[in-house]
Visitor: 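Before anything else, here's the structure in question.
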There are 2 protein chains.
Amino acid sequence: MQVTVDLVVLTIREGALCALLISRGIAPYRGRLALPGGFVLDDEDLMDAATRELAEETGVGTAAGHLEQLATYGEPRRDPRGRVITVAYLALVPDLPAPLAGSDASAASWVPLPVDGLAFDHDRILRDGVERARAKLEYTSLAAAFCPAEFTIAELRAVYEAVWGVSLDPRNFHRKVTTTEGFVRSTGRRVMRDRGRPAELFTRGTASVLYPPMLRPATAAD
Amino acid sequence: MQVTVDLVVLTIREGALCALLISRGIAPYRGRLALPGGFVLDDEDLMDAATRELAEETGVGTAAGHLEQLATYGEPRRDPRGRVITVAYLALVPDLPAPLAGSDASAASWVPLPVDGLAFDHDRILRDGVERARAKLEYTSLAAAFCPAEFTIAELRAVYEAVWGVSLDPRNFHRKVTTTEGFVRSTGRRVMRDRGRPAELFTRGTASVLYPPMLRPATAAD
DNA sequence: CCAAAAGTGTTAGTGCTACACCCATGG
DNA sequence: CCATGGGTGTAGCACTAACACTTTTGG
C-alpha cells in the first residue's frame, strides 16, 4: 500500500481566499489541476513529509504560517494506478511576495475559490480543508497565520471576510479583537495603508484558543 | 508501507468514562493493554475497516453509536516491526449490555480513564480521542451517542459530567437541552429510575450541531 | 472643508449562572 | 410527612449587534 501527503495550502490574495494548485504534467488526470503533494519517504514522519512538500512548493517555512493534519483519504479506487492512501494537511500562509520558486513548483499557481474539477478526490479534500479553516477561525487565533508578522486590524478583518464570505462591522470587530486576551499585541507604531486615519500595527498574541470565540454570522455563502 | 486502523472506543459505565482496550497476546508489547485495531484489507475503504473492527470487538453496529476518523499516526519507529501507519477512529457507543462477544474480543475489556502504559503510541492516540470527544460535546449533539435510544435528561447530563469531569447544575442543564432546537425530542412517556419524581423519556433529535453550544465550565480536571 | 478609514461610546437584546421554588414519587 | 430527584421562574451578569459619534489623515 502506498502513502502520500497532499496539501491544502490557503492564502488571501486581493481579498479573495485562494488555494495553491498545480497543473498535472502526466497521466492520470494530465492537464487537470490538483493539490500539491507527493510520496512519504521510507524513514520520514508524516508531518515532516508535509513540511518538506510545503517548502518545495511555496518556499515557505512552517514558522510564518500554520500547518496541521486535516484527514486521511483511502477509498480503494481513488487513484487509478493502484491503492494509494493520502494523508491531507492544511496549511495557512501569508500572501507570499516570493514567486513560488522551487523544484516541483514550476506549474504551481494560486487559484481563487471556489474551484471545481480537480484530479482524484481533491475536490473533496479541498472542500474539507476550507471547511476546517472556516471553523477554526471561530475559536482560534489562526486568522493571523494569513497575515504577515505585522498587520492592522483591518487586514485581519479582511481575512475573516474572505474566508467566511461575509462582511463584518469594522467597529465591533476592532473592539472584539483588541479586547480578547492574547489575540493580538500592539506594537505602538502606526502605518498609512490607503486613505484615512493611520492604523495601528499589531503582531500575533500568545493565545491560540479564543475565549470567547469569534462569532460567524448566520448567513453562510461562497 | 503497511496501514492499520486503530479504534478509540469510549462509553460511560457507572458514571465513569471508559475505553475499550485489549490485552496483547503476542509480541511486541505482549501482555500490555492496547487499542483494538487491525490491518486494512487490500480492497477495503478505511471507514469500512474501522466499522468492521468495531463490530468484531464490540458486536455493535455504527447505527447505535457514532464513528468518525480521528487522526493518522505515522512516526517511522512507532511500531518496532517496521513501518506501519495507523489511521485512528473515534467511536462513541452506549453502555453495552452484550458481553463483548466476537472473534478478537476474547481479551477485550472496558477500562476506566485515565489509563497509562498502553502499547505503541496508543497513550497518545487515546488522549487525542478523549480530547476530541470533550471538544465535540460542546458544539454537537454527540453526547446522545453514549445513551440508549431512549434516555432521561439526567442520563444525558451524566454523560457530560463523566466526559468533562465536572458537575453541572441539573436545572440549567435541563432547560438548556430541552430548549436547544433539535437536540432531544420528548416521547411523552415517563419512567421511574430511582427515587423521586419520574423523569420524562427523550430520544435523539435531528440536529447534529448545537447552536448555541453547550458551555464547558472553566475548571478542567481529569 | 470634505471624504474616507480608524477607533470609542452607548443602548437594547440574548444567553448564561445562580438559586428560590414547585412537582411527583417511595418509604 | 419527609427525602429525593425532576422541572420552572427569575434576577443579575457577560457578551453581542447596531449605530451615533469622534479622530486623523489626504486631497
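Chain naming here is simple, since letters A, B, ... match the order of the sequence lines and numbering starts at 1 in each.
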Visitor: Classify the side chain of R157(B) versus the base of dG6(D) as yes if they form a donor-acceptor pair under 3.5 Å and no if they do not.
Guide: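 Result: no qualifying N/O pair found.
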Visitor: What's R195(A) touching, base or sugar-phosphate or nothing? Going by heavy atoms closer than 4.0 Å.
Guide: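 R195(A): backbone/sugar contact only, no base atoms under 4.0 Å.
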Visitor: Of all the choices, dG7(D), dT25(D), dA17(D), which nucleotide is nearest to the side chain of E200(B) once you look at every atom?
Guide: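 For E200(B), the side-chain atoms sit closest to dG7(D).
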Visitor: Toward the 5' end of DNA chain D, which comes first, M192(A) or G196(B), by nearest nucleotide?
Guide: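 Looking at the nearest nucleotide for each, G196(B) comes out on the 5' side.
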Visitor: Of the candidate nucleotides dG9(C), dC15(D), dG15(C), which contains the atom at the shortest distance from the side chain of P212(B)?
Guide: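 Of all the options, the side chain of P212(B) is nearest to dG15(C).
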Visitor: Salt bridge between R127(B) and E131(B), side-chain N to carboxylate O under 4.0 Å?
Guide: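 Between E131(B) and R127(B) there is no salt bridge, as every charged N stays at least 4.0 Å from the carboxylate O atoms.
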Visitor: For the pair made of CZ in R190(B) and P in dT25(C), what is the distance, rounded to whole Å?
Guide: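 One finds 8 Å between P of dT25(C) and CZ of R190(B), rounded.
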Visitor: So what does R193(B) touch, heavy atoms closer than 4.0 Å: a base, only the sugar-phosphate, or nothing?
Guide: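 Here R193(B) touches no strand at all.
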Visitor: May I have the distance from I153(B) (atom CD1) to dG7(D) (atom P), rounded to whole angstrom?
Guide: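 After rounding, the reported distance stands at 7 Å.
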Visitor: Using whole Å, what does the distance between atom P of nucleotide dT14(C) and atom CG of L215(B) come to?
Guide: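 In whole Å, dT14(C) P and L215(B) CG are 18 Å from each other.
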Visitor: Measure from CG on D169(A) to P on dC15(D) and round the result to the nearest Å.
Guide: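 It works out to 19 Å between those atoms.
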Visitor: According to side-chain contact (heavy atoms from CB on, under 4.5 Å), who are the partners of R197(A), at least two apart in sequence or on a separate chain?
Guide: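 By the side-chain contact (heavy atoms from CB on, under 4.5 Å) rule, R197(A) matches no residue at all.
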Visitor: What is the distance, rounded to the nearest whole Å, between atom CG of L168(B) and atom P of dC16(C)?
Guide: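 My rounded result for the distance is 13 Å.
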Visitor: Is the closest basic N to carboxylate O distance between R124(A) and D128(A) below 4.0 Å?
Guide: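 Answer for the salt bridge query: yes.
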Visitor: Taking only the side-chain nitrogens and oxygens of K176(B), find out if one of them lies under 4.0 Å from OP1 or OP2 of dG15(C).
Guide: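 For dG15(C), OP1/OP2 do not have a side-chain N/O of K176(B) under 4.0 Å.
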Visitor: Side chain of T152(A), backbone of E155(A): donor and acceptor closer than 3.5 Å?
Guide: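 Here the side-chain-to-backbone pair exists.
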Visitor: Could you tell me how far apart N172(A) (CG) and dG13(C) (P) are, to the nearest whole angstrom?
Guide: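 It is 16 Å, rounded to the nearest whole Å.
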Visitor: Would you say H122(A)'s side chain and L35(A)'s backbone share a donor-acceptor pair under 3.5 angstrom?
Guide: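 Checking the backbone N and O of L35(A) against the side chain of H122(A), a donor-acceptor pair under 3.5 Å is found.
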Visitor: So R197(A), base contact, sugar-phosphate only, or nothing? Heavy-atom distance under 4.0 Å.
Guide: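 Result for R197(A) = base.
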Visitor: Could you state the CZ-P distance from F173(A) to dT8(C), rounded to the nearest angstrom?
Guide: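 Atom CZ in F173(A) sits about 14 Å away from atom P in dT8(C).
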Visitor: Which whole-number value in Å describes the distance from E161(B) CD to dG5(D) P?
Guide: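 Distance, rounded to whole Å: 13 Å.
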Visitor: Using a cut-off of less than 4.0 Å, is there contact between a side-chain N or O of H174(B) and OP1 or OP2 of dG7(D)?
Guide: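 Yes, H174(B) has a side-chain N/O under 4.0 Å of OP1/OP2 on dG7(D).
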